[in-house]
Each structure stands twice: as C-alpha cells, then as structure tokens.
Student: 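What follows is a single structure, and I will ask about it in a moment.
Note that the coordinates shown come from a computational prediction; the quantities given were computed from them, not determined experimentally.
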Amino acid sequence: MSPNPHHLLGAYVLGGLDPQDLALFETHLQDCATCRKELASLEKVPVLLDALPVPDALALTAAPGGNEDVGNSVPARLFAELSRRRRTVRRRWVALAGAVAAACLAVGLAVGPLLVRPPQPDATYSVALGDGLQVHIDMARKAWGTELAVSGSSLPPDGTLSLWVRDRAGGEDRACAWSATATGKVKVTGATPIQLASISSVELRDGAQHAVAVITVP
C-alpha cells in the first residue's frame, strides 16, 4: 500500500491498481480537490498514449535538459505505469499469437487438400455421337449469367467452331468460338448472360453454322 495516495493517480487512470490500493485512492479522492482536478485533466490520456509505441511514450517523460517534468497535465508516473502494463499485455499477446498460429497451421495441414479442390459446377451435361464425337459441358451460375467450361474430342478438324446457348423464350447467344484443331480436341471456357435456369439447350456449330451436336437442358 502506498504511504501517499496521491502517487496512485497514474495507476488509477490506467486501471492498474489492486483492490486494496483502489479503495485507498478512491477514499483519498473524495477529500483531495487537487487529485480530482488532475484526474479530470487526464481523462483522455490513456486513449492518446495507447496510440504511441512504448519507447515513444517513455521518451516523453524526459524533457530537454534532463528535466523529468513533462508538464502539469501528464505526470511521469503515468508513463511508467503505461510501460509496465504494455509489457505485460505484449507478453500475453505473443504467447496467444504463437498458440493461434500453431492451431492454424494444424488446421491448414488437415484441410489443405480440401481447399485446393476446384469449385464444383452447378450442372453438367454430355453428348456422345456415333461417329465418336463427344462434348462435355460444366455450367456454373454467375451473377451476370452462366459460365460454361467446354471439353470435346473427335470434333470437326477444320474451320471455326462455336457454342450457342438458347433460352426458354427462344432467344440465343454465342457463348464462345474457337479455331478447330487437327486433333479434334478442345478445352475452352465460354460465357453467356443467360441465367442457368433459363437455358433450354446448348448447340455446337461448325463454320457453316450447321449444328454438330445439341445438348437439351431439362
């Protein structure tokens, strides 16, 4: 217990008193106009000091010329108490951060393989024709419409191929187009403003705009 309750003011402002000294200082505060006035002037100091790194806050306690009085409104003991509290809080946070980092690493190792999985399509359709032609389309809902991931084999080996999307009202939109490959294989991504729920069919067309394959969407 401090023999002079006035010296408890700094710790009181920062909430660093134990219950015994807290009761002593609050009793003293009722009869000490000086402490009440100084307490009122320090009301916002903790908030301001919390914005400073500890070395900067402590540097303020040393005025030019070795004078340790930093002014009437900010006693040096307030900075000393702030430094003590910050060192304690910093140690606690370092320990907590270490524990959290270790836990996150463990969780990351456990779920890592799940996180790298590609997103699943909202709908998938395929068509296979007697001449070996195959087309596979994954559709994904987007805010602006539908994204279509197209893969195919045994497609026409020349010309320009295109993928057309027809909606249920009879309208159509070209989702993508590409130059045919000599191998007859393709893997491209297209897009259409038509929402997935409104798509009635998807049609693969050759360079003459003849339908090569049609996928009906139920």
Side-chain angles (χ1 to χ4, degrees), residues 47 50-54 56 86-218:
V47 176
D50 278 341
L52 289 175
V54 171
D56 293 345
R86 282 187 172 181
R87 284 194 295 268
T88 300
V89 171
R90 184 183 295 110
R91 286 195 296 268
R92 292 174 180 174
W93 273 106
V94 168
L96 178 60
V100 170
C104 288
L105 177 60
V107 173
L109 291 175
V111 304
L114 299 178
L115 296 179
V116 297
R117 291 179 181 174
Q120 297 300 307
D122 296 301
T124 298
Y125 299 96
S126 298
V127 63
L129 302 182
D131 57 0
L133 181 148
Q134 295 184 354
V135 179
H136 179 88
I137 301 177
D138 290 332
M139 301 184 186
R141 291 187 180 90
K142 301 295 181 179
W144 41 260
T146 306
E147 182 180 83
L148 301 95
V150 184
S151 60
S153 60
S154 298
L155 303 182
D158 50 34
T160 299
L161 305 180
S162 56
L163 193 75
W164 290 78
V165 178
R166 186 179 296 274
D167 64 25
R168 300 186 187 279
E172 62 180 18
D173 176 70
R174 191 178 73 171
C176 58
W178 65 93
S179 295
T181 62
T183 61
K185 295 183 179 181
V186 70
K187 183 172 288 186
V188 296
T189 299
T192 176
I194 301 174
Q195 292 292 334
L196 178 56
S198 299
I199 296 177
S200 63
S201 64
V202 179
E203 187 173 299
L204 175 65
R205 298 178 184 175
D206 60 18
Q209 292 300 296
H210 297 147
V212 175
V214 178
I215 297 176
T216 300
V217 178

Student: Hey, could you give me the CG/CG distance between Asp206 and Leu161, rounded to the nearest 0.5 Å?
Tutor: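 One gets 7.0 Å once the value is rounded to the nearest 0.5 Å.
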Student: For residues Val186 and Trp178, report the shortest heavy-atom separation together with the two atoms involved.
Tutor: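 Shortest heavy-atom contact: CG2-NE1, 3.3 Å.
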Student: Considering only residues two or more places apart or on different chains, which pairs with a residue in residues 138-151 satisfy salt bridge (charged side-chain N to carboxylate O under 4.0 Å, His left out)?
Tutor: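 Listed by first then second residue: Asp122-Arg141.
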Student: Drop me the distance from Ile137's CD1 to Ile215's CD1, to the nearest 0.5 angstrom.
Tutor: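 One gets 3.5 Å once the value is rounded to the nearest 0.5 Å.
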Student: Thr146 side chain to Ile194 main-chain N or O, any donor-acceptor pair under 3.5 Å?
Tutor: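 Such a contact is found between Thr146 side chain and Ile194 backbone.
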Student: Evaluate the side-chain proximity of Asp173 to Pro193: yes if any heavy-atom separation is below 4.5 Å, no if none is.
Tutor: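 Sidechains of Asp173 and Pro193: in contact.
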Student: With rounding to the nearest 0.5 angstrom, report the CD1 to OG1 distance, Ile199 to Thr192.
Tutor: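 These two atoms lie 6.0 Å from each other.
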Student: Atom OG in Ser126, atom NE2 in His136: separation rounded to 0.5 Å?
Tutor: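 Result: 4.5 Å between the selected atoms.
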Student: Are any side-chain N or O atoms of Ser200 and backbone N or O atoms of Asp167, one a donor and one an acceptor, separated by less than 3.5 Å?
Tutor: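 Yes; at least one donor-acceptor contact below 3.5 Å.
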Student: Would you indicate whether Arg168, at its atom CZ, is surrounded by more than 12 heavy atoms from other residues, nucleotides or ligands within a distance under 6.0 Å?
Tutor: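 Atom CZ in Arg168 is crowded, with more than 12 foreign heavy atoms closer than 6.0 Å.
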Student: For Val202 and Tyr125, run side chain to side chain contact (heavy atoms under 4.5 Å, CB included): C-alpha distance rounded to whole Å, both residues' side-chain angles, the deciding distance at 0.1 Å, then the answer.
Tutor: CA-CA 9 Å; Val202 179; Tyr125 299 96; over 6 Å; no
Student: May I have the list of side-chain donor-acceptor pairs in residues 152-159 shorter than 3.5 Å, sequence neighbours left out?
Tutor:
unit_1: Ser154; atom_1: OG; unit_2: Gly132; atom_2: O; d: 3.4

Student: Using salt bridge (Lys or Arg N to Asp or Glu O under 4.0 Å) as the criterion, list what pairs up with Arg205, not counting sequence neighbours.
Tutor: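 Only Glu172, Glu203 meet the salt bridge (Lys or Arg N to Asp or Glu O under 4.0 Å) criterion with Arg205.
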Student: Taking all non-hydrogen atoms of both residues into account, name the closest pair between Gln209 and Trp164 and its distance.
Tutor: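 For Gln209 versus Trp164, the nearest heavy atoms are OE1-NE1, 3.5 Å.
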